[in-house]
There are 2 protein chains.
Amino acid sequence: MKETSAPPGTVPQGTPPPQSPHPPSAPAPPAPAALAAKVRTLAPSMTRSMQRVAEAVAGDPAGCAALTVTGLAGLTGTSEATVVRTARLLGYPGYRDLRLALAGLAAHQQSGRAPAITTDIAVDDPIADVVAKLAYDEQQTLADTAAGLDTAQLGAAVAAVAGARRTDVYGVGASGLVAQDLTQKLLRIGLIAQAHSDPHLAVTNAVQLRAGDVAIAITHSGSTGDVIEPLRVAFERGATTVAITGRPDGPVTQYADHVLTTSTARESELRPAAMSSRTSQLLVVDCLFVGVAQGTYETAAPALSASYEALAHRHRR
Amino acid sequence: MKETSAPPGTVPQGTPPPQSPHPPSAPAPPAPAALAAKVRTLAPSMTRSMQRVAEAVAGDPAGCAALTVTGLAGLTGTSEATVVRTARLLGYPGYRDLRLALAGLAAHQQSGRAPAITTDIAVDDPIADVVAKLAYDEQQTLADTAAGLDTAQLGAAVAAVAGARRTDVYGVGASGLVAQDLTQKLLRIGLIAQAHSDPHLAVTNAVQLRAGDVAIAITHSGSTGDVIEPLRVAFERGATTVAITGRPDGPVTQYADHVLTTSTARESELRPAAMSSRTSQLLVVDCLFVGVAQGTYETAAPALSASYEALAHRHRR
DNA sequence: CCCGGAACGAAAATATCTTTCAGGGGTGAC
DNA sequence: GTCACCCCTGAAAGATATTTTCGTTCCGGG
């Protein structure tokens, strides 16, 4: 018999990438998930050998999917012909298609058992669980942050930075890295930006700010004195001030013209709050950056490609 | 060659891939659902023809699962050999197994929800859309990274760091911030760690490493000379070396005992690759950290609370 | 005891997958 | 600018897997 699905040289379907239609679900021949039921239904009409095969298939779809005709025949103590006959009886054109369906079924039921990722990370969690849980938590943090972000405030902050003479960013500890990340990006699109993690230098720099400049403070707790102080100075010098914080009611906001709220996820002993706050802050910072890049596209685009090219030589062949 | 998948009575899988270039080669277990991610990760190292095949496969898993080698080759305008080569590159023993995985994936996503809108960010997108798209993309990046992360390699890296005399981390540019992030965390649980972004200092420090020490290089491109060089030195001094890179076939891996792969998302003009690579790298680093914290819980727990308390009085009332 | 029918498996026949090999195109060296 | 080299690529040979064919065996009934 010829290949059931696609003739080699001909033009079976002229549509390569288009998604296959979902509405017309399983018609009749390819049973999607009701395989076990089908086996029970058809069992009476099967011969002994075929029943053995059907039983094996229904019992361990995943395992059988990994077997060839010969393998399955050997496993069930029958012959290849019997296996093919069974596949036919179950409604498939041949063993090949049964096997394909089997693989799908296996994947399906494997995804069925949802890992309890809502749990906290325990000391004895296997490493695979740690990965799953962390990824899940960070995804959750991102969703929360996006949902809680005030786009009006963000828009105002974007406009301020896009039109600023210079932008100073304050952050210490983990937030300091976020501050640097933002700074790096702004520099890449040709803006003048600087990150400060040294409180003293931050304050002395803040004094130089004036109207038209922007100061951004990043602090999860909203009460980090080392970051509030320079922001206060900048505020009093007339600069536009922005606070990125997880505590929109914290002290830092009293000197902030615009407040961007980051989300606060539950923390645990093994998962310090710094982790999710960092994720959240980075998303906010990314949004800010992209917004600014949009607003200054004329200059941002060439600056981006220039910096990209400048780095090209630093890569080995 | 005998049946690639499984002899009758024995274990189904467990077949390591054909060749391993170096001792630290990822076994690359048959990817279950991480296919799209894998395609993106490996795309840069593919040839044009192979990319066409990979694209078709990633674009329409269900459709491709129904095709034979010849059919897929015809559809993509390539040859059977190329299709098989692509399957190999994606980590499967041959096309047969890729097809099987494809069937599983198809069943998987048919049951799952619709894949969301994946439009690029445009210059004139309203700020709310920017937030939504960025959040979605970063979530996707996290999922891809988690799916593509080799837990065996991660476990090995965790063990190495947990037992290390000292740990050095190399990273420049955006990866430098990730390196600092990791370092900060490790310091917090009482380990000795240092981040280097100055290539010269990194090398001079690497010379001091010896067996029992760990060196970690972080580079998205996998070919950043400034980061490879210190890793090479550390490798030759006998330290355990780890590479965190988006290019598991890049130059950096030749000096790495363990390779942790980050995901590569499509980039656009307004969304530089650095953004998603950073997200991906951070997740990997977080996993590494939590793993190490688990392994050294006896000392990590008190160290964590100590550092927490030490910071408390830096917060304003 | 012999006959008819169905089940079953061995092996041939076919299709499919994998490997090998040689040509073509591009790149770096000189 | 030319040459040599290497890698990509596809055609075809070679190896495997699947399907079909066909003969044998096993029962139950006449």
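Throughout, a chain's letter reflects where its sequence line sits, starting with A, and its residues are numbered from 1.
In this view, B/Val233 and B/Val203, B/Ala206, B/Val207, B/Arg237 satisfy the side chain to side chain contact (heavy atoms under 4.5 Å, CB included) rule, not counting sequence neighbours. Annotation: side chain to side chain donor-acceptor pair (under 3.5 Å) contacts of B/Gln140 (sequence neighbours excluded): B/Tyr136. In this view, B/Ser280 and B/Thr145 satisfy the side chain to side chain donor-acceptor pair (under 3.5 Å) rule, not counting sequence neighbours. In this structure B/Thr151 satisfies the side chain to side chain donor-acceptor pair (under 3.5 Å) test with no other residue, sequence neighbours excluded. Residues satisfying the side chain to side chain donor-acceptor pair (under 3.5 Å) criterion with B/Asn205, sequence neighbours excluded, are absent altogether.
Taking atom CZ of A/Arg99 as the reference point, atom P of C/dA15 lies 19 Å away to the nearest angstrom. Taking atom CZ on B/Arg96 and atom P on D/dA15, their separation rounds to 16 Å, with Å as the unit. For the pair B/Tyr92 OH and C/dT18 P, the interatomic distance rounds to 14 Å; values are reported in whole Å. With rounding to whole Å, B/Leu100 atom CG is found 11 Å from D/dT18 atom P. When rounded to the nearest whole Å, the span between CD of B/Glu80 and P of C/dT19 equals 14 Å. If you measure from atom CG of B/Asp97 to atom C1' of C/dT18, you get 12 Å, rounded to the nearest angstrom.
Proximity note for B/Tyr95 (side chain, C-beta onward) versus D/dA11, C/dT18, C/dG9: the nearest is C/dT18.
Between B/Arg232 and B/Glu229, at least one side-chain nitrogen of the basic residue sits less than 4.0 Å from a carboxylate oxygen of the acidic one, meeting the salt-bridge criterion.
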Could you list all N or O pairs between the protein and nucleotides 5-8 of chain C that sit under 3.5 Å apart?
{"residue": "C/dC8", "atom": "OP1", "partner": "A/Ser49", "partner atom": "N", "Å": "3.2"}
{"residue": "C/dC8", "atom": "OP1", "partner": "A/Ser49", "partner atom": "OG", "Å": "3.1"}
{"residue": "C/dC8", "atom": "OP2", "partner": "A/Thr47", "partner atom": "OG1", "Å": "2.2"}
{"residue": "C/dC8", "atom": "O5'", "partner": "A/Ser49", "partner atom": "OG", "Å": "3.2"}

